[in-house]
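Let me begin by presenting the structure, written as structure tokens, before commenting on it.
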Amino acid sequence: MKLSQLFTKTAKEAPADADSVNARLLTQAGFIQKQMAGVYNFLPLGLRVLNKIENIIREEMNAIGGQEMVMPALTQEESWQKTGRASLDILFHLQGQNDAKMVLNPTHEEVITPMMKRFIASYRDLPFAAYQFQVKFRNEARAKSGILRGREFPMKDLYSFHADEKDLDDYYEKVKAAYFKIYERVGLGEKTILTFASGGAFSKYSHEFQTFCEVGEDTIHLCEKCRVAVNADILQDQNSCPECGNKQLKPYKAVEVGNIFKLRTKFSEPFGLTYKDAKGQDHLVEMGCYGIGLSRLMGIIADIFNDDKGLMWPESVAPYKVHLIALENEPGVAKSAQKAYKELKERGIEVLFDDRPDVSAGEKFADADLIGLPIRVVVSKKTLQNKSVEIKGRHTDKMTLVGQDKLLKAIED
Ligand code: ATP
Ligand code: MG
């Protein structure tokens with residue numbers, strides 16, 4: 001992508017209403033634009049980050065047998081009455097024509113559970129798991145911390161269906177392992193802690209994945225030995241490490257980046273989702289649900305990986321790998337930079353090319369730091385005197401000159 005073509009622009013000043021580091025940096029760098037509190041536009045650079053996150057999650061969901069589908073944003077309110085959730089504060093209600101009452105889905109148990117009555121009849125139809133990437137709507141009391149808590153936000157939600165509790169338990173462990181892989185791959189592995197949280201109707205706990213972060217709304221109490229934590233919300237019921245009994249737990253601020261639940265029969269019961277066993281007897285289907293907020297992950301990555309100059313994307317989720325700069329507006333420089341751009345692209349390397357003729361070197365460097373791609377490559381009159389280009393990682397001040405013909409190799413190593 002050429003920067004001269006990209007419609008977004010960076011901004012020198014922080015937006016006045018930015019309430020968090022992620023909102024400030026992502027807005028200044030042109031990744032997102034606020035529509036209203038808790039509602040954001042995801043611009044080309046921001047969408048590329050979301051897509052990277054989405055693909056990592058997709059690969060890990062497919063690896064545990066998840067089948068991708070998409071459910072609607074709208075449901076009939078009646079389904080929410082059935083589960084007793086129609087009066088939840090976070091629901092957005094809509095009035096259709098002819099008095100049709102509808103809800104903008106904040107989650108999809110009320111959609112997927114009745115739908116599966118069409119596909120589950122016998123024990124032979126179980127187990128399976130289905131997931132989607134979909135926009136959720138939640139009338140959050142306080143939409144804040146930039147994209148960490150939105151009123152409209154993309155989520156991956158997976159639902160699993162089982163004949164018995166043992167099978168649900170086994171699959172739940174697989175999802176847990178897949179979640180750890182996801183956090184690892186997006187760069188949050190070391191900072192993300194399995195946390196015991198309140199469970200809801202049928203199980204003692206649910207598990208949250210909490211990422212250490214000062215802006216976090218949650219407090220988790222960490223057992224340093226086991227690297228698991230207890231959410232402050234359930235500390236009264238559980239004031240020691242659930243794994244080793246250690247009572248010396250240490251409080252940290254954290255953000256919930258995922259949540260997995262054993263729903264058991266909480267939803268199969270109101271909707272009558274049953275299957276017949278080998279003897280022809282009916283049983284309620286056991287269910288699990290597993291969510292990850294994509295924009296929240298993007299926000300937390302921005303909150304954690306930055307310095308005073310801007311963003312510092314982990315390579316796995318960076319919108320592009322290389323930020324290529326043609327430093328001076330000079331024919332030789334432009335031609336060599338163009339050639340490097342073409343070579344990198346042909347090699348399948350994602351490049352953002354600052355080819356703008358009328359922008360100063362200082363501004364180009366500042367924009368590269370603000371946007372925060374992992375590798376900066378500069379072509380200038382000076383580098384060309386040595387038939388070379390200059391390479392620098394976003395994480396370091398160390399610059400290396402490499403021969404123009406060695407660029408691809410240097411980037412790939
Ligand atoms: P929280 O406790 O933060 O309000 P939740 O427990 O209601 O979240 P879930 O219903 O379990 O969240 O949703 C699954 C995931 O979706 C969460 O782990 C989080 O990553 C993300 N998420 C939840 N609410 C929001 C929101 N308002 N904006 C962005 N992401 C969200
Ligand atoms: Mg929660």
Side-chain angles (χ1 to χ4, degrees), residues 19-20 22-23 26 32 34-40 42 46 49-50 53-54 56-57 61 83 85 88-92 104-112 131-159 172 175-176 178-180 182-183 186 188 191-201 203 205-213 215-220 229 231-234 253-263 266-267 287-304:
D19 59 359
S20 60
N22 77 73
L26 291 171
I32 61 172
K34 187 168 162 184
Q35 182 73 20
M36 57 191 208
V39 183
Y40 285 84
F42 287 85
V49 177
L50 276 186
I53 294 172
E54 184 177 303
I56 289 172
I57 297 175
M61 291 297 102
T83 57
R85 300 210 287 183
L88 284 182
D89 291 339
I90 52 131
L91 283 196
F92 281 112
L104 277 171
N105 293 315
T107 175
H108 279 75
E109 286 83 1
E110 273 79 355
V111 178
I112 200 168
Y131 73 99
Q132 65 172 347
F133 294 96
Q134 222 257 13
V135 175
K136 302 290 190 252
F137 297 87
R138 294 190 180 181
N139 197 357
E140 300 276 0
R142 287 185 311 147
K144 56 173 203 170
S145 309
I147 55 172
L148 295 188
R149 185 172 294 287
R151 293 201 160 97
E152 173 185 332
F153 61 94
M155 193 202 281
K156 183 283 301 174
D157 41 333
L158 170 77
Y159 303 87
Y172 187 87
V175 180
K176 201 190 274 176
Y179 271 43
F180 277 123
I182 292 166
Y183 301 119
V186 301
L188 296 175
K191 291 177 183 288
T192 302
I193 299 289
L194 183 72
T195 302
F196 290 73
S198 59
S203 54
Y205 304 116
S206 72
H207 288 101
E208 294 171 345
F209 295 80
Q210 293 271 0
T211 303
F212 296 126
C213 187
V215 300
E217 287 179 40
D218 287 349
T219 303
I220 63 169
N231 192 311
D233 292 351
I234 61 158
K253 286 273 163 220
V255 171
E256 182 197 313
V257 290
N259 205 181
I260 59 179
F261 277 95
K262 291 177 188 174
L263 297 171
K266 184 174 172 180
F267 291 92
M287 287 173 60
C289 76
Y290 319 85
I292 297 186
L294 275 70
S295 50
R296 183 174 291 184
L297 261 190
M298 172 174 165
I300 195 84
I301 293 168
D303 266 316
I304 290 177

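All ligand and atom numbering here is 1-based and tracks the order in the structure. What you see below is based on every heavy atom in this structure, not just the backbone, and it leaves out hydrogens, waters and symmetry mates.
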Measure the acute angle between the ring planes of His207 and Phe196, then classify it against the limits of 30° and 60° as parallel, tilted or perpendicular.
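Plane angle over 60°, so perpendicular.
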Pairs meeting criterion side chain to side chain donor-acceptor pair (under 3.5 Å) with involvement of residues 147-156, two or more places apart:
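Every side chain to side chain donor-acceptor pair (under 3.5 Å) pair that includes a residue of residues 147-156, provided the two are not neighbours, is Glu140-Arg149, Arg149-Glu217, Lys156-Tyr179.
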List every atom of ligand 1 that sits less than 4.0 Å from any heavy atom of [X], numbering the atoms from 1 in the order shown and giving each element.
X: Gly150; result: 26 (C), 27 (N), 28 (N), 29 (C)
X: Gly258; result: 18 (O), 20 (O)
X: Asn259; result: 6 (O), 11 (O), 18 (O)

Between [X] and [Y] (side chain of the first, backbone of the second, donor and acceptor by atom type, cut-off under 3.5 Å), is there such a pair?
X: Asp218; Y: Asn231; answer: no
X: Asp19; Y: Gly146; answer: yes
X: Tyr172; Y: Ile260; answer: yes

Check if Leu148 has a non-hydrogen atom at a distance under 4.0 Å from any atom of ligand 1.
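Flag set, Leu148 near ligand 1.
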From the options Phe137, Phe261, Phe153, select the one whose nearest heavy atom is closest to atom 30 (N) of ligand 1.
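It is Phe153 that holds the nearest heavy atom.
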Only heavy atoms count here, so choose which of Arg138, Lys136, Met155 is nearest to atom 16 (O) of ligand 1.
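Heavy atom nearest to atom 16 (O) of ligand 1 belongs to Met155.
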Output field: ring centroids Phe209/Phe180 closer than 6.0 Å
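For Phe209 and Phe180, the ring centres are under 6.0 Å apart.
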What part of [X] sits under 4.0 Å from ligand 1 if we count only heavy atoms: the side chain, the backbone, both or neither?
X: Arg149; result: both
X: Thr107; result: neither
X: Val257; result: backbone
X: Glu140; result: side chain

Do we see a donor-acceptor contact under 3.5 Å between the side chains of Ser206 and Lys262?
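There is no such pair (donor and acceptor under 3.5 Å, judged by atom type) between the side chains of Ser206 and Lys262.
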Is there at least one pair of N or O atoms, one from [X] and one from ligand 1, spaced under 3.5 Å apart?
X: Ile292; result: no
X: Gly293; result: yes
X: Ile147; result: no

Exercise: identify the closest heavy-atom pair between Pro106 and Leu91
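Between these two residues, the closest heavy atoms are CG-CD2, 3.4 Å.
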Taking atom NZ of Lys34 as the centre, report whether more than 12 heavy atoms of other residues, nucleotides or ligands fall under 6.0 Å from it.
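Yes, NZ of Lys34 has more than 12 neighbouring heavy atoms, counting only those of other groups under 6.0 Å.
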